[in-house]
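Worksheet: the structure to be examined is printed underneath.
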Amino acid sequence: MSANAESAPQVADFVTLTQDKTANTQSTVNQDASGRKSSSPAAAAAELASTKVKLMAALRSFPDFPIPGINFIDILPLFQDVKTHEALLVALQLQIELSHVKPDVIVGLDARGFLFGPSLALRMGASFVPVRKQGKMPGPCVTAAYEKEYGTDFFQMQDGAIKPGQKVLIVDDIIATGGSAAAAGELVQKLGGETIGYLFILEIAFLKGREKLGGVPVTTLLETDE
(Lines give C-alpha, C1' and ligand atoms only; values in the text may rest on other atoms or scores of the structure.)
Protein backbone atom coordinates (compact mmCIF):
# COMPACT_ATOMS: atom_id res chain seq x y z
CA MET A 1 0.00 0.00 0.00
CA SER A 2 1.38 3.41 -0.92
CA ALA A 3 2.17 6.13 1.64
CA ASN A 4 -0.57 8.32 0.14
CA ALA A 5 -3.14 5.55 0.58
CA GLU A 6 -2.09 5.01 4.18
CA SER A 7 -2.45 8.73 5.00
CA ALA A 8 -5.93 9.03 3.46
CA PRO A 9 -7.83 7.95 6.62
CA GLN A 10 -5.78 10.39 8.68
CA VAL A 11 -6.63 13.24 6.31
CA ALA A 12 -10.31 12.32 6.47
CA ASP A 13 -10.20 12.23 10.27
CA PHE A 14 -8.52 15.64 10.34
CA VAL A 15 -11.18 17.14 8.04
CA THR A 16 -13.97 15.71 10.19
CA LEU A 17 -12.34 17.04 13.36
CA THR A 18 -11.92 20.48 11.80
CA GLN A 19 -15.57 20.53 10.72
CA ASP A 20 -16.68 19.55 14.23
CA LYS A 21 -14.63 22.35 15.78
CA THR A 22 -16.05 24.85 13.28
CA ALA A 23 -19.59 23.77 14.12
CA ASN A 24 -18.89 24.08 17.84
CA THR A 25 -17.43 27.55 17.34
CA GLN A 26 -20.45 28.67 15.32
CA SER A 27 -22.81 27.33 17.97
CA THR A 28 -21.27 29.66 20.53
CA VAL A 29 -21.54 32.77 18.37
CA ASN A 30 -25.02 33.47 19.68
CA GLN A 31 -23.98 33.11 23.32
CA ASP A 32 -23.09 36.01 25.61
CA ALA A 33 -20.28 36.19 28.16
CA SER A 34 -22.37 34.25 30.69
CA GLY A 35 -22.95 31.37 28.25
CA ARG A 36 -26.65 32.16 27.91
CA LYS A 37 -27.85 31.87 24.30
CA SER A 38 -29.24 35.08 22.88
CA SER A 39 -32.85 35.15 21.72
CA SER A 40 -35.12 37.36 19.66
CA PRO A 41 -36.29 40.64 21.23
CA ALA A 42 -39.83 39.29 21.56
CA ALA A 43 -38.67 36.10 23.28
CA ALA A 44 -36.34 38.09 25.54
CA ALA A 45 -39.15 40.46 26.53
CA ALA A 46 -41.43 37.52 27.35
CA GLU A 47 -38.71 35.85 29.43
CA LEU A 48 -38.06 39.10 31.26
CA ALA A 49 -41.74 39.61 32.06
CA SER A 50 -42.16 36.11 33.51
CA THR A 51 -38.94 36.43 35.51
CA LYS A 52 -40.08 39.72 37.01
CA VAL A 53 -43.20 38.03 38.38
CA LYS A 54 -41.04 35.46 40.16
CA LEU A 55 -38.74 38.14 41.58
CA MET A 56 -41.65 40.26 42.84
CA ALA A 57 -43.00 37.23 44.69
CA ALA A 58 -39.68 36.88 46.54
CA LEU A 59 -39.65 40.43 47.95
CA ARG A 60 -40.66 41.04 51.56
CA SER A 61 -42.37 44.10 53.04
CA PHE A 62 -41.82 45.50 56.55
CA PRO A 63 -44.29 48.24 57.60
CA ASP A 64 -43.03 51.13 59.77
CA PHE A 65 -39.35 50.40 59.17
CA PRO A 66 -37.00 52.13 59.76
CA ILE A 67 -39.46 54.76 61.00
CA PRO A 68 -43.27 54.87 61.31
CA GLY A 69 -45.02 55.49 58.00
CA ILE A 70 -42.35 53.82 55.86
CA ASN A 71 -43.09 50.47 54.21
CA PHE A 72 -39.67 48.92 53.71
CA ILE A 73 -39.21 46.61 50.71
CA ASP A 74 -36.53 44.02 51.46
CA ILE A 75 -34.53 42.77 48.44
CA LEU A 76 -32.27 40.41 50.39
CA PRO A 77 -34.47 37.34 49.74
CA LEU A 78 -33.48 37.69 46.09
CA PHE A 79 -30.00 36.52 47.09
CA GLN A 80 -30.93 33.86 49.62
CA ASP A 81 -32.12 31.27 47.11
CA VAL A 82 -29.82 30.08 44.33
CA LYS A 83 -32.51 29.92 41.62
CA THR A 84 -33.92 33.33 42.57
CA HIS A 85 -30.43 34.86 42.58
CA GLU A 86 -29.78 33.44 39.12
CA ALA A 87 -33.18 34.72 37.93
CA LEU A 88 -32.29 38.20 39.17
CA LEU A 89 -29.05 38.23 37.20
CA VAL A 90 -30.79 36.94 34.08
CA ALA A 91 -33.48 39.62 34.41
CA LEU A 92 -30.94 42.41 34.87
CA GLN A 93 -28.98 41.18 31.87
CA LEU A 94 -32.12 41.00 29.72
CA GLN A 95 -33.10 44.50 30.85
CA ILE A 96 -29.74 45.82 29.66
CA GLU A 97 -29.89 43.96 26.36
CA LEU A 98 -33.42 45.19 25.63
CA SER A 99 -32.24 48.74 26.33
CA HIS A 100 -29.74 48.33 23.49
CA VAL A 101 -26.75 49.47 25.53
CA LYS A 102 -23.37 47.74 25.77
CA PRO A 103 -21.39 48.99 28.76
CA ASP A 104 -17.61 48.72 29.00
CA VAL A 105 -17.85 49.23 32.76
CA ILE A 106 -20.49 48.60 35.38
CA VAL A 107 -20.25 50.86 38.43
CA GLY A 108 -21.84 49.65 41.67
CA LEU A 109 -22.74 51.95 44.55
CA ASP A 110 -21.76 51.32 48.15
CA ALA A 111 -23.04 49.05 49.44
CA ARG A 112 -25.89 47.08 47.87
CA GLY A 113 -24.69 47.74 44.36
CA PHE A 114 -21.89 45.36 45.33
CA LEU A 115 -24.37 42.51 45.84
CA PHE A 116 -25.04 42.06 42.13
CA GLY A 117 -22.79 44.51 40.26
CA PRO A 118 -19.72 42.25 39.91
CA SER A 119 -21.73 39.20 38.82
CA LEU A 120 -23.69 41.28 36.32
CA ALA A 121 -20.50 42.80 34.93
CA LEU A 122 -19.03 39.33 34.42
CA ARG A 123 -22.14 38.21 32.52
CA MET A 124 -21.99 41.31 30.33
CA GLY A 125 -18.28 40.99 29.57
CA ALA A 126 -17.64 44.32 31.32
CA SER A 127 -15.32 45.40 34.11
CA PHE A 128 -16.66 46.33 37.55
CA VAL A 129 -15.75 49.49 39.45
CA PRO A 130 -17.00 50.22 42.99
CA VAL A 131 -18.03 53.59 44.36
CA ARG A 132 -17.33 53.81 48.09
CA LYS A 133 -17.76 56.19 50.97
CA GLN A 134 -14.90 58.64 51.42
CA GLY A 135 -11.80 57.20 53.09
CA LYS A 136 -12.56 53.54 52.32
CA MET A 137 -10.25 53.04 49.31
CA PRO A 138 -6.45 53.36 49.05
CA GLY A 139 -4.51 55.49 46.61
CA PRO A 140 -5.51 58.61 44.70
CA CYS A 141 -9.27 59.00 44.35
CA VAL A 142 -11.76 61.40 42.81
CA THR A 143 -14.51 62.69 45.10
CA ALA A 144 -18.10 63.89 44.71
CA ALA A 145 -20.48 65.24 47.36
CA TYR A 146 -24.17 64.49 47.76
CA GLU A 147 -26.82 65.56 50.22
CA LYS A 148 -28.45 63.22 52.71
CA GLU A 149 -31.20 63.87 55.21
CA TYR A 150 -28.67 64.63 57.95
CA GLY A 151 -26.10 66.55 55.90
CA THR A 152 -23.47 66.18 53.20
CA ASP A 153 -21.72 62.88 52.43
CA PHE A 154 -19.00 61.99 49.95
CA PHE A 155 -18.44 59.21 47.41
CA GLN A 156 -15.09 58.25 45.93
CA MET A 157 -13.75 56.24 43.03
CA GLN A 158 -10.12 55.23 42.48
CA ASP A 159 -8.29 57.41 39.99
CA GLY A 160 -7.84 55.57 36.68
CA ALA A 161 -10.53 52.97 37.42
CA ILE A 162 -12.43 54.20 34.36
CA LYS A 163 -10.60 55.08 31.15
CA PRO A 164 -11.55 58.13 29.08
CA GLY A 165 -14.29 57.30 26.58
CA GLN A 166 -15.48 54.12 28.28
CA LYS A 167 -19.24 53.60 28.37
CA VAL A 168 -20.52 53.17 31.92
CA LEU A 169 -23.71 51.73 33.41
CA ILE A 170 -24.35 52.68 37.06
CA VAL A 171 -26.27 50.17 39.19
CA ASP A 172 -27.76 50.14 42.68
CA ASP A 173 -30.57 48.40 44.53
CA ILE A 174 -32.95 51.35 44.94
CA ILE A 175 -33.22 54.89 43.63
CA ALA A 176 -34.79 57.21 46.21
CA THR A 177 -33.77 60.88 46.18
CA GLY A 178 -31.16 60.23 43.48
CA GLY A 179 -28.34 62.09 45.22
CA SER A 180 -25.94 59.17 45.56
CA ALA A 181 -26.57 58.04 41.96
CA ALA A 182 -25.94 61.56 40.69
CA ALA A 183 -22.67 61.67 42.66
CA ALA A 184 -21.60 58.41 41.01
CA GLY A 185 -22.33 59.94 37.62
CA GLU A 186 -20.19 62.94 38.55
CA LEU A 187 -17.29 60.62 39.42
CA VAL A 188 -17.61 58.85 36.06
CA GLN A 189 -17.51 62.23 34.30
CA LYS A 190 -14.43 63.34 36.25
CA LEU A 191 -12.57 60.25 35.02
CA GLY A 192 -13.59 60.86 31.41
CA GLY A 193 -16.17 58.09 31.12
CA GLU A 194 -19.62 58.35 29.54
CA THR A 195 -22.61 57.36 31.67
CA ILE A 196 -24.97 55.60 29.26
CA GLY A 197 -27.59 54.63 31.83
CA TYR A 198 -28.67 53.85 35.37
CA LEU A 199 -30.17 50.52 36.40
CA PHE A 200 -31.98 49.90 39.70
CA ILE A 201 -33.90 46.97 41.11
CA LEU A 202 -36.54 49.21 42.73
CA GLU A 203 -37.57 52.87 42.70
CA ILE A 204 -39.30 55.05 45.29
CA ALA A 205 -41.09 57.04 42.61
CA PHE A 206 -42.63 59.81 44.70
CA LEU A 207 -39.16 61.06 45.67
CA LYS A 208 -38.47 61.82 41.98
CA GLY A 209 -34.81 60.82 42.18
CA ARG A 210 -34.42 60.32 38.46
CA GLU A 211 -34.89 64.05 37.96
CA LYS A 212 -31.40 64.55 39.41
CA LEU A 213 -29.73 62.30 36.85
CA GLY A 214 -29.39 64.80 34.03
CA GLY A 215 -31.63 63.15 31.48
CA VAL A 216 -29.53 59.97 31.35
CA PRO A 217 -31.76 56.90 30.71
CA VAL A 218 -32.99 55.31 33.95
CA THR A 219 -34.34 51.76 34.11
CA THR A 220 -36.06 50.13 37.08
CA LEU A 221 -36.32 46.35 37.02
CA LEU A 222 -39.32 45.90 39.35
CA GLU A 223 -42.36 48.11 39.88
CA THR A 224 -44.04 48.50 43.28
CA ASP A 225 -46.75 50.76 44.64
CA GLU A 226 -44.53 51.92 47.50
Side-chain angles (χ1 to χ4, degrees), residues 32 34 36 39 41-99 101 103 106-124 126 128 130-133 146 148-149 153 155 169-185 197-213 216-226:
D32 54 37
S34 68
R36 187 182 64 83
S39 55
E47 181 183 359
L48 178 59
S50 65
T51 304
K52 285 182 177 184
V53 172
K54 297 175 184 177
L55 296 175
M56 284 295 298
L59 298 176
R60 294 188 299 180
S61 178
F62 291 90
D64 299 321
F65 181 86
I67 60 174
I70 298 296
N71 190 34
F72 186 86
I73 304 299
D74 184 17
I75 69 163
L76 293 181
L78 299 177
F79 303 93
Q80 293 167 1
D81 175 77
V82 173
K83 290 184 179 180
T84 306
H85 189 178
E86 173 66 19
L88 172 65
L89 293 174
V90 169
L92 290 167
Q93 182 177 358
L94 286 170
Q95 192 78 69
I96 295 171
E97 291 172 350
L98 289 170
S99 299
V101 298
I106 288 181
V107 165
L109 272 62
D110 191 342
R112 292 193 175 188
F114 302 166
L115 289 175
F116 60 93
S119 299
L120 181 60
L122 191 61
R123 296 176 75 93
M124 297 300 302
F128 176 77
V131 169
R132 298 214 63 191
K133 298 290 182 65
Y146 65 99
K148 300 186 72 173
E149 62 273 13
D153 210 340
F155 263 164
L169 178 69
I170 298 173
V171 304
D172 201 7
D173 63 333
I174 295 174
I175 176 172
T177 63
S180 58
Y198 292 86
L199 176 61
F200 305 96
I201 297 177
L202 292 169
E203 179 178 10
I204 304 177
F206 74 88
L207 293 176
K208 300 180 180 180
R210 60 175 65 208
E211 294 181 2
K212 294 183 180 179
L213 302 182
V216 176
V218 178
T219 303
T220 302
L221 181 66
L222 303 177
E223 303 290 338
T224 69
D225 295 329
E226 309 303 329

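- Smallest separation of non-hydrogen atoms from Gly108 and Phe114: O-CE2, 3.3 Å.
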Yes or no on side-chain contact (heavy atoms from CB on, under 4.5 Å) for Asp110 and Val131, after CA distance, side-chain angles and deciding distance?
CA-CA 6 Å; Asp110 191 342; Val131 169; 5.6 Å; no
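- Shown here for Gly209 and Ile175, the closest heavy-atom pair between the two residues is C-CD1, 3.7 Å.
- The two atoms that bring Ile75 and Leu59 nearest to each other are CA-CD2, 3.9 Å, heavy atoms only.
- In this structure, CD1 in Ile174 is found 8.0 Å from CD1 in Ile201, a value given to the nearest 0.5 Å.
- Val218 and Arg210 get closest at one heavy-atom pair: O-NH1, 3.6 Å.
- Residue Leu202 holds its CG atom at 9.0 Å from CD of Glu223, rounded to the nearest 0.5 Å.
- Listed for the Asp74 side chain is no donor-acceptor partner under 3.5 Å among the backbone atoms of Arg60.
- Contact between Lys212 and Ala182 at its shortest, heavy atoms only, is O-CB, 3.7 Å.
- Atoms CG and CZ, on Asn71 and Phe62 in that order, are 10.0 Å from each other to the nearest 0.5 Å.
- Partner of Leu199 under the side-chain contact (heavy atoms from CB on, under 4.5 Å) criterion, out of Ile106, Val101, Ile96: Ile96 alone.
- Among all heavy-atom pairs drawn from Pro77 and Thr84, the shortest one is O-CG2, 4.4 Å.
- One distance of note links CE of Met124 with CD of Glu97; it measures 5.5 Å at 0.5 Å rounding.
- Sorted by first and then second residue, the pairs that involve residues 80-91 and meet salt bridge (Lys or Arg N to Asp or Glu O under 4.0 Å), not counting sequence neighbours, are Glu86-Arg123.
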Apply side-chain contact (heavy atoms from CB on, under 4.5 Å) to residues Lys148 and Thr177 and explain how you reach the verdict.
CA-CA 9 Å; Lys148 300 186 72 173; Thr177 63; over 6 Å; no
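- Between Ile73 and Ile204, every side-chain heavy-atom pair lies at or beyond the 4.5 Å cut-off.
- Ring-plane geometry between Phe155 and Tyr146 is classed as tilted, the angle between the planes lying from 30 to 60 degrees on a 0 to 90 degree scale.
- Between the side chain of Lys52 and the backbone N or O of Leu221, at least one donor-acceptor pair lies under 3.5 Å.
- The CG atom of Leu89 lies 7.5 Å from the CZ atom of Phe79; values are rounded to the nearest 0.5 Å.
- A distance of 4.5 Å separates CG of Leu109 from CG of Asp172, quoted to the nearest 0.5 Å.
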